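Numbers restart at 1 for each chain; the letters A, B, ... are given by sequence-line order, proteins then strands. Because the structure is predicted, anything quoted here is derived from the model rather than measured.
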Protein chains: 2
Amino acid sequence: MARVGLTRERLTRDGAELADEQGFDAVTVSAVARRFDVKAASLYAHVKSTDDLRTGVALLALEELADRVAEAIAGRSGREALAAFAAAYRDYARAHPGRYAAARFRLDPQTAAASAGVRHAQMTRALLRGYDLAEPDQTHAVRMLGGMVHGFVELEAAGGFAHTAVDPQASWDWTVDALDAMLRARAHAA
Amino acid sequence: MARVGLTRERLTRDGAELADEQGFDAVTVSAVARRFDVKAASLYAHVKSTDDLRTGVALLALEELADRVAEAIAGRSGREALAAFAAAYRDYARAHPGRYAAARFRLDPQTAAASAGVRHAQMTRALLRGYDLAEPDQTHAVRMLGGMVHGFVELEAAGGFAHTAVDPQASWDWTVDALDAMLRARAHAA
DNA sequence: GCCGCTTCCTACACACTATAGGCAAATGAC
DNA sequence: GTCATTTGCCTATAGTGTGTAGGAAGCGGC
């Protein structure tokens, strides 16, 4: 009966690759089963449902992305840290579009609370410590920064920048500069 | 045989309502058929496929949203126009989450070119004329602004702001203020 | 070798997409 | 009014995906 050696972990990793190749929506029980050359029903011993499979991919992506961001901001501060932080997100989204989409997958509250999502929030706050913002400005800045990075990355991925000749990288650098200037201007402003 | 009076337009409108109620992913041929108390096969006389149905909803949402934005910025300029522009997007997303998601639906290039999407781009540029930016700064600003608004709205919709007590409206106002200050600082800076 | 557990299988019930072809209601000609 | 045509919705069917139940083959411990 030629055992393939399925594991929840292997299915999750394969799901992540499938997401990058065909999009996160293509991550289904039967698609992954086909890649292992196995019947779909066999996967149900390892994952509870398609939703469960996707949740696994989402958690993996959040973890990977948090690791990269952590490495990017380690030992840096101020503008340099901001640029590295933003670049970590953008580079990951460009290298692994499916995983990036997976990281956006809606998790139920307690799964989210136990995920690497909290590390993302902590790192964003850590980054902003360099700008010395008092509350509630710091929270405002966390939200603005998160929205900015995510929004830019998503519009770029969706092809929204394809109709103009201007290099997206230049727009990105310009935006990061603007963010830095904005945050510095608001330091101590509470 | 009790004709219900199906039309492509009625199916599209109903799809938009379904999207707001159950999410854009719930917009399927059979779900809409159920709402009209009709067999799924009957819909295929009016829409070519599920994708076609969703495209219709997306075009409707883009149109509606463009109308609202146009109304919001009419007769305003500068900071006031920026605030109204941003509020139009956010308010629409909060009132019609499914349609907002639909507006993000990936259209094939020629459908996109014939959609209200181009009005959105034109209005964004029109808004930025008030800040007197030279190229390529204007394009950078268009991208930044688009990303910012979309990213903030999406994170808010995804519940990303639920873990902190700070009022999202306050963060929104703070962000719009910061954007305005930043754009003014960059006027003529080419 | 044999027992027991795990892994993967077949079989099945059900839902959604999509096509083909049928029948009846609405519409227009007269 | 009635008849023919068009249109609208139907049934039937094939294909694919999800998820459950139960069966058989592999693998380890002894």
Could you tabulate the donor-acceptor pairs under 3.5 Å formed by side-chain atoms of residues 81-93 of chain A, not counting sequence neighbours?
residue, atom, partner, partner atom, Å
A:Tyr89, OH, A:His120, ND1, 2.7
A:Arg90, NE, A:Glu156, OE1, 2.9
A:Arg90, NH1, A:Gln169, OE1, 2.8
A:Arg90, NH2, A:Glu156, OE2, 2.9
A:Tyr92, OH, A:Glu64, OE1, 2.7

ask   = Any side-chain N or O of B:Ser30 under 4.0 Å from OP1/OP2 of C:dA15?
value =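 B:Ser30 to C:dA15 OP1/OP2: no side-chain N or O under 4.0 Å.
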
ask   = B:Arg34 side chain N/O closer than 4.0 Å to the phosphate oxygens (OP1, OP2) of C:dC16?
value =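 Yes, B:Arg34 has a side-chain N/O under 4.0 Å of OP1/OP2 on C:dC16.
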
task = Indicate yes or no for a side-chain donor-acceptor contact from A:Arg34 to the backbone of A:Ala40 under 3.5 Å, with no hydrogens or angles considered.
result =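 No: the side chain of A:Arg34 does not pair with the backbone of A:Ala40.
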
query = Should we count CD of B:Glu9 as having more than 12 external heavy atoms under 6.0 Å?
reply =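 Atom CD in B:Glu9 is not packed in, count stays at 12 or less.
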
Neighbour count above 12 (heavy atom, 6.0 Å) for B:Asp37 CG =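 No, not enclosed.
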
request  = Applying side chain to side chain contact (heavy atoms under 4.5 Å, CB included), run through B:His46 and B:Leu43 and close with a yes or a no.
outcome  = CA-CA 6 Å; B:His46 307 280; B:Leu43 268 61; 5.6 Å; no

query = Does the side chain of A:Thr28 come under 3.5 Å of the side chain of A:Arg54 through a donor N or O and an acceptor N or O?
reply =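 Their side chains do not contain a donor-acceptor pair, so the 3.5 Å distance test is not met.
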
key: Sub-4.0 Å heavy-atom contacts from residues 37-53 of chain A onto DNA chain C, ordered by number   =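 Correct list: A:Val38, A:Lys39, A:Ala41, A:Ser42, A:His46.
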
ask   = A:Trp174 vs B:His140 aromatic rings, parallel, tilted or perpendicular, using cut-offs 30° and 60°?
value =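 The arrangement is tilted - the two ring planes meet at 30° to 60°.
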
key: A:Leu62 and A:Phe105, any side-chain heavy atoms less than 4.5 Å apart   =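 Of all side-chain heavy-atom pairs linking A:Leu62 with A:Phe105, none is under 4.5 Å.
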
ask   = Which residues, if any, of residues 6-23 of chain A bring a heavy atom under 4.0 Å of DNA chain D?
value =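 Contacts with DNA chain D under 4.0 Å: none.
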
